[in-house]
There are 2 protein chains.
Amino acid sequence: MDTAVATRGRPREFDADEALAAALRVFWTRGYEGASLTELTEAMGITRPSLYACFGNKEALFKKALDLYETEKLAYMETALEAPTARGVAERLLRGALQNQASTCDPKGCLGVISSVACGPEAEAIKAEVVARRASSKRAVVDRFARAKAEGDLPEHIDPEALTNYVFALFQGLSVQSGTGTCCEDLGRMVDTALAMWPGR
Amino acid sequence: MDTAVATRGRPREFDADEALAAALRVFWTRGYEGASLTELTEAMGITRPSLYACFGNKEALFKKALDLYETEKLAYMETALEAPTARGVAERLLRGALQNQASTCDPKGCLGVISSVACGPEAEAIKAEVVARRASSKRAVVDRFARAKAEGDLPEHIDPEALTNYVFALFQGLSVQSGTGTCCEDLGRMVDTALAMWPGR
DNA sequence: TGTTTTTCATACCGCTCGATATAGTGATTC
DNA sequence: GAATCACTATATCGAGCGGTATGAAAAACA
């Protein structure tokens with residue numbers, strides 16, 4: 001967050017980071033379109049003009065919330081790639097997602113999935129943004145799985161991209177189910193089942 | 001569809017089934033909230049009063065569209081349960097979903113997933129409806145996998161419900177990815193990868 | 001033919017949406 | 001202490017939302 005300090009003039013009376021965190025929670029539960037400015041400003045504890053002065057507009061606010069989401073809630077994705085085996089990578093990815101869903105104070109589901117599924121005409125730019133961000137993180141996983149294959153860590157007949165899409169599909173399905181009421185224990189057994197099928201070892 | 005023929009009065013100038021099919025396509029691409037009455041009536045080729053006279057309101061229209069969707073696009077789910085093996089059931093479920101996504105004239109993604117992911121306050125009843133319908137179809141798959149386990153068709157350590165959630169997660173992930181631009185060939189390889197991991201045989 | 005019944009077309013309802021204009025308030029700098 | 005600047009509060013903007021009132025048009029009854 002750019003905590004730019006403009007020394008002149010009246011200082012801001014609210015904490016921009018806290019307000020952004022509150023906005024993130026609203027977007028997370030409602031989606032981009034489902035989150036109204038009224039609900040956003042009430043959750044953030046600020047008025048509409050303050051929101052526009054500080055964050056630009058609704059779309060800019062969403063993108064900043066998305067930044068926060070990625071750095072705070074999706075950080076495990078990068079570290080997961082450091083696991084020694086492909087199976088370890090998959091396990092860290094899925095268990096990381098599981099752990100996120102287990103948090104009792106965060107909304108259920110995945111902001112990325114929520115924001116990329118359906119939308120009216122106005123939110124298609126948002127959807128495109130989210131899809132583009134997902135593509136870049138997907139590429140990192142594909143590369144990691146390709147390396148694993150080269151290291152003999154994956155069977156020869158496995159396609160790294162297909163395997164990545166498979167893991168992402170599980171991740172997305174997990175998010176959908178979590179958002180629709182499936183409890184964490186059931187989700188954990190689902191992940192266990194998936195990992196038990198992992199090829200080789 | 002109830003093609004109730006009320007002989008009295010001016011006859012309807014549009015085909016209710018065609019109109020409902022058009023409405024389904026709009027809901028399918030936009031989601032419940034993203035589909036406005038303007039877009040719906042334009043796609044259906046009727047006026048607002050005609051829509052309300054024939055279908056009730058937006059929510060009732062959605063539920064009828066959901067009925068149509070289930071009977072037309074999700075029929076393969078019931079027949080999939082008749083496959084001789086659990087693996088065959090899973091394969092039919094996933095390939096059926098794949099085939100749906102391959103249709104060039106239908107919208108991408110799954111209406112059930114789209115409608116159950118995120119929503120504003122007004123659409124939570126819709127979300128609950130969709131979640132309830134999914135629960136009933138899930139139960140059928142759980143029962144089928146339990147039978148498979150009793151028949152020695154699945155390893156003893158497999159939990160039927162967890163396996164069902166796993167298959168549904170793949171299905172939902174497939175829908176999410178299809179809705180965000182992943183091509184059918186890639187989705188096909190993803191399904192192949194998943195089926196290659198299926199336990200036993 | 002005249003009445004009844006239902007549908008269609010237009011225009012409109014109150015409401016909420018995202019976004020701002022206008023003032024007034026308050027802290028910092030010169 | 002005065003000038004300056006950014007923030008707050010209120011009130012409102014035009015547009016679009018879901019939903020409807022009002023008649024005219026068209027077919028089936030009598």
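The sequence lines fix the lettering, A, B, ..., with proteins before strands; numbering per chain opens at 1. The basis for the numbers below is simple: all heavy atoms, side chains too, and nothing from hydrogens, waters or symmetry mates.
Between the CG atom of B:Leu51 and the C1' atom of C:dT7 there is a distance of 14 Å, given to the nearest Å. Spacing between atom CD of B:Glu13 and atom C1' of D:dA26 amounts to 8 Å, rounded to whole angstrom units. Taking atom CD of residue B:Glu42 and atom P of nucleotide D:dG18, one finds them 12 Å apart after rounding to whole Å. The CD atom of A:Glu39 sits 13 Å away from the C1' atom of C:dT16 (whole-angstrom rounding). Counting to the nearest Å, the C1' atom of D:dG16 and the CZ atom of B:Arg30 are 14 Å from each other. Rounding to whole angstrom units, CG of residue A:Leu40 and C1' of C:dC17 are separated by 12 Å.
Using modelled atom types, one side-chain atom of B:Gln101 and one backbone atom of B:Gly109 make a donor-acceptor pair closer than 3.5 Å. Judged by distance alone, the side chain of B:Glu39 and the main-chain N or O of B:Val26 form no donor-acceptor pair under 3.5 Å. Checking side-chain atoms of A:Trp28 against main-chain N and O of A:Ile114 turns up no donor-acceptor pair under 3.5 Å.
Proximity of A:Arg12 to the phosphate of D:dC7: a side-chain N or O atom is located under 4.0 Å from OP1 or OP2. The shortest distance between the side-chain N/O atoms of B:Ser50 and the OP1/OP2 oxygens of C:dC8 is below 4.0 Å. When the side-chain nitrogen and oxygen atoms of B:Thr47 are compared with OP1 and OP2 of C:dC8, none of them lie within a distance under 4.0 Å.
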Output one line per pair: protein atom, nucleotide atom from nucleotides 19-21 of chain C, and distance, for all N/O pairs under 3.5 Å.
residue, atom, partner, partner atom, Å
C:dA19, OP2, A:Tyr52, OH, 2.5
C:dA19, OP2, A:Lys58, N, 3.3
C:dA19, O5', A:Tyr52, OH, 3.0
C:dA19, N7, A:Arg48, NE, 3.4
C:dA19, N6, A:Arg48, NE, 2.7

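B:Glu42 is linked by a salt bridge (Lys or Arg N to Asp or Glu O under 4.0 Å) to nothing, counting only residues two or more places apart in sequence or in another chain. For B:Arg134, there are no salt bridge (Lys or Arg N to Asp or Glu O under 4.0 Å) partners, not counting sequence neighbours. Residues that satisfy the salt bridge (Lys or Arg N to Asp or Glu O under 4.0 Å) test with A:Lys108, not counting sequence neighbours, are absent from this structure.
When the nearest nucleotides of DNA chain D are assigned to B:Arg10 and A:Phe14 by heavy-atom distance, the more 5′-ward of the two goes with A:Phe14.
Across residues 121-131 of chain A, not one residue has a non-hydrogen atom less than 4.0 Å from an atom of DNA chain C.
Among C:dG18, D:dT8, D:dC29, the nucleotide with an atom closest to any side-chain atom of A:Ser36 is C:dG18.
Considering only heavy atoms from C-beta on, A:Val191 comes within 4.5 Å of A:Leu174 through its side chain.
Evaluation of the side-chain hydrogen bond (donor to acceptor under 3.5 Å, both in side chains) test over residues 140-149 of chain A, restricted to residues two or more places apart or in two chains, returns A:Arg147-A:Glu151.
Because its NZ or CZ atom is not both nearer than 6.0 Å to the ring centre of A:Tyr52 and within 45° of the ring axis, A:Arg48 does not count as a cation-pi partner of that residue.
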